[in-house]
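Numbers here are sequence positions counted from 1.
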Amino acid sequence: MSAQAAARRLRPHAFTLILGVAVAAGVVVPAAPASAAVPGLVRIVATSASNSDDFRSVTATCPVGKVLTGTGYEVNGATGEAVVDDLRPNGGPAAAPTAVTVGAYEAEAFAGNWSLTAYAICANPVAGLVRVSATSASDSNDFRSVTATCPVGKVLTGTGHELNGVTGEGVVDDFRPNGGVAAAPTSVFVGAYEADAFAGNWSATAYAICANPVAGLVRVSATSASDSNDFHSVAAACPLGKVLTGAGYELNGVTGEAVVDDFRPNGGPAVAPATATVGAYEEDTFTGNWTSTAYAICATA
């Protein structure tokens, strides 16, 4: 047999061997696992002293190496007699936030002891994370509103607010991220009323925690029953496979007569949050029907 003929007889076998190796390689090489959009997500808690002082403040700080994506708070023991007027993430337009400070005043004289809890939602460093803010005009009007919008190309992961000059006489009843179940939020709207007649000038500040686009980011919501009960509570849960990066709330129909004293992400120091609970009390007797809405900002787990 010539050398050329022998080579022709061997080629099919060689091709089969090469093809078999390629198929085997395709079987044994696993697909790369999907990565979390916001890795290392946890909830950190700090609580103030419990006493009967008119004002208290507390700061929750992320662990070293983590950044702040969202905020929360809880008033303990005051049942509608204290208002949170400062929910302020640190950071700035060129600095990632790492902590949130919560401040609250008694709305009416309250003799009992009460405390304040700050919640920080923290994660491993997130690309492009910054804090931006916007402040309303300062005047003596009964209502003011302001929107903080993320820079172009960034999305909203978390929220904050601050009332300036009103010291317990103003309540935030609209703290609403935009977006929806199929759209990433990019801004937060803050609306606030005077709880009682207040002659001085005051303003409202909205804080937006913003990042480069985050996989799967959406805003979901849940609304309580509409009735005239003194207390309303509702929880917004992230869709299956998503985790909570931040939250918001809205009171409907009560126009300054109710206070949110529970704005609480779940989770823990080793557990990623996935729901946000909003609890609100009437600050004064109110006979009309009203509701509370919880907003959850959620990303791919």
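Shortest non-hydrogen contact noted between R56 and S48 is CG-OG, 3.9 Å. Taking every heavy atom of both residues into account, A127 and A211 meet most closely at O-CB, 3.7 Å. Scanning both residues, A235 and A294, for their nearest heavy atoms gives C-CB, 4.4 Å. The nearest pair of heavy atoms linking A111 to S52 is O-CB, 3.5 Å. The two residues T245 and A299 make their nearest non-hydrogen contact at CG2-CB, 4.0 Å. The heavy-atom pair separating G65 from P125 by the smallest distance is O-CD, 3.2 Å.
A 4.5 Å side-chain heavy-atom check between D196 and E108 finds at least one atom pair inside the cut-off. Side chains of V220 and C298 form a contact here, defined as non-hydrogen atoms less than 4.5 Å apart. Looking only at side-chain heavy atoms (C-beta outward), V171 and E283 stay at 4.5 Å or farther from each other. Between N90 and T98 the shortest side-chain heavy-atom distance falls below 4.5 Å. Side chains of T293 and T223 form a contact here, defined as non-hydrogen atoms less than 4.5 Å apart. Within the 4.5 Å cutoff, the side chain of L217 has heavy atoms near those of the I297 side chain. With contacts defined as side-chain heavy-atom distances shorter than 4.5 Å, the pair Y249/V172 qualifies.
In the hydrophobic clustering of ILVMFWY residues, with side-chain heavy atoms under 4.5 Å counting as a link, V126 and V155 come out together. Taking hydrophobic clusters as Ile, Leu, Val, Met, Phe, Trp and Tyr residues chained together by side-chain heavy-atom distances below 4.5 Å, V75 shares a cluster with F110. Linking Ile, Leu, Val, Met, Phe, Trp and Tyr whenever their side-chain heavy atoms come within less than 4.5 Å leaves V83 and V102 in two separate clusters. Under the 4.5 Å side-chain heavy-atom criterion for grouping Ile, Leu, Val, Met, Phe, Trp and Tyr, V84 is not connected to V45 through any hydrophobic cluster. Residue F286 is grouped with residue L251 when hydrophobic side chains (ILVMFWY) are merged at heavy-atom distances under 4.5 angstrom, including chains of intermediate members.
Distance CG/N141 to CD/E194: 8.0 Å, rounded to 0.5 Å. For the atom pair CD (E257) and CG (D173), the distance works out to 10.5 Å, reported to the nearest 0.5 Å. L41 CG to K66 NZ: the interatomic distance, rounded to the nearest 0.5 Å, is 8.0 Å. In this structure, NE2 on H161 lies 12.0 Å from CZ on R88, to the nearest 0.5 angstrom. To the nearest 0.5 Å, the span separating CG on N124 from OG1 on T69 amounts to 11.0 Å. Residue N266 holds its CG atom at 7.0 Å from CG of L244, rounded to the nearest 0.5 Å.
A donor-acceptor pair is defined here as one N or O able to donate and one able to accept, closer than 3.5 Å; such a pair exists between the side chain of S136 and the backbone of A204. Proximity of a side-chain donor or acceptor of S138 to a complementary backbone N or O of N201 within less than 3.5 Å is not detected. Between the side chain of D227 and the backbone N or O of N289 there is no donor-acceptor pair closer than 3.5 Å. Side-chain atoms of W114 never come within 3.5 Å of backbone atoms of D54 as a donor-acceptor pair (strictly under, hydrogens ignored).
For residues 118-144, the set of pairs meeting the ring-ring contact (aromatic ring centres under 6.0 Å, His included) definition, not counting sequence neighbours, comprises F143-Y193. For residues 38-131, the set of pairs meeting the disulfide (SG to SG under 2.5 Å) definition, not counting sequence neighbours, comprises C62-C122.
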(Q) Using side chain to side chain contact (heavy atoms under 4.5 Å, CB included), reason through S57 and T101 one step at a time and then give a plain yes or no. (A) CA-CA 7 Å; S57 177; T101 297; 3.5 Å; yes

- Item | Candidate pair L87 and V100, rule side chain to side chain contact (heavy atoms under 4.5 Å, CB included), full reasoning | CA-CA 7 Å; L87 178 65; V100 57; 3.9 Å; yes

Yes or no on side chain to side chain contact (heavy atoms under 4.5 Å, CB included) for Y295 and V278, after CA distance, side-chain angles and deciding distance? CA-CA 9 Å; Y295 294 104; V278 172; over 6 Å; no

**Asked** Going through the checks in order, is the side chain to side chain contact (heavy atoms under 4.5 Å, CB included) test met by T117 and T47?
**Response** CA-CA 4 Å; T117 296; T47 300; 2.9 Å; yes

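Relative orientation of the H232 and W290 rings is tilted, given thresholds of 30° and 60° on the angle between their planes. The aromatic rings of F175 and F263 stand perpendicular to each other, their planes meeting at an angle above 60°, with 30° marking the opposite boundary.
Between S187 and the choices T147, T159, N178, the side chain to side chain donor-acceptor pair (under 3.5 Å) rule is met once, by N178. Each of V190, L163, N164 was evaluated against T205; a single residue qualifies, N164, per the side-chain contact (heavy atoms from CB on, under 4.5 Å) test.
Residues near Y207 contribute nothing to a hydrophobic cluster around it, because no ILVMFWY side-chain heavy atom sits closer than 4.5 Å to its side chain. V42 shares a hydrophobic cluster with I44; the chain of contacts runs through ILVMFWY side chains whose heavy atoms sit under 4.5 Å apart.
Every residue two or more places apart in sequence or in another chain was checked for a salt bridge (charged side-chain N to carboxylate O under 4.0 Å, His left out) with R219, and none qualifies. Residues passing the salt bridge (charged side-chain N to carboxylate O under 4.0 Å, His left out) test with R264 are E74, D262, sequence neighbours excluded.
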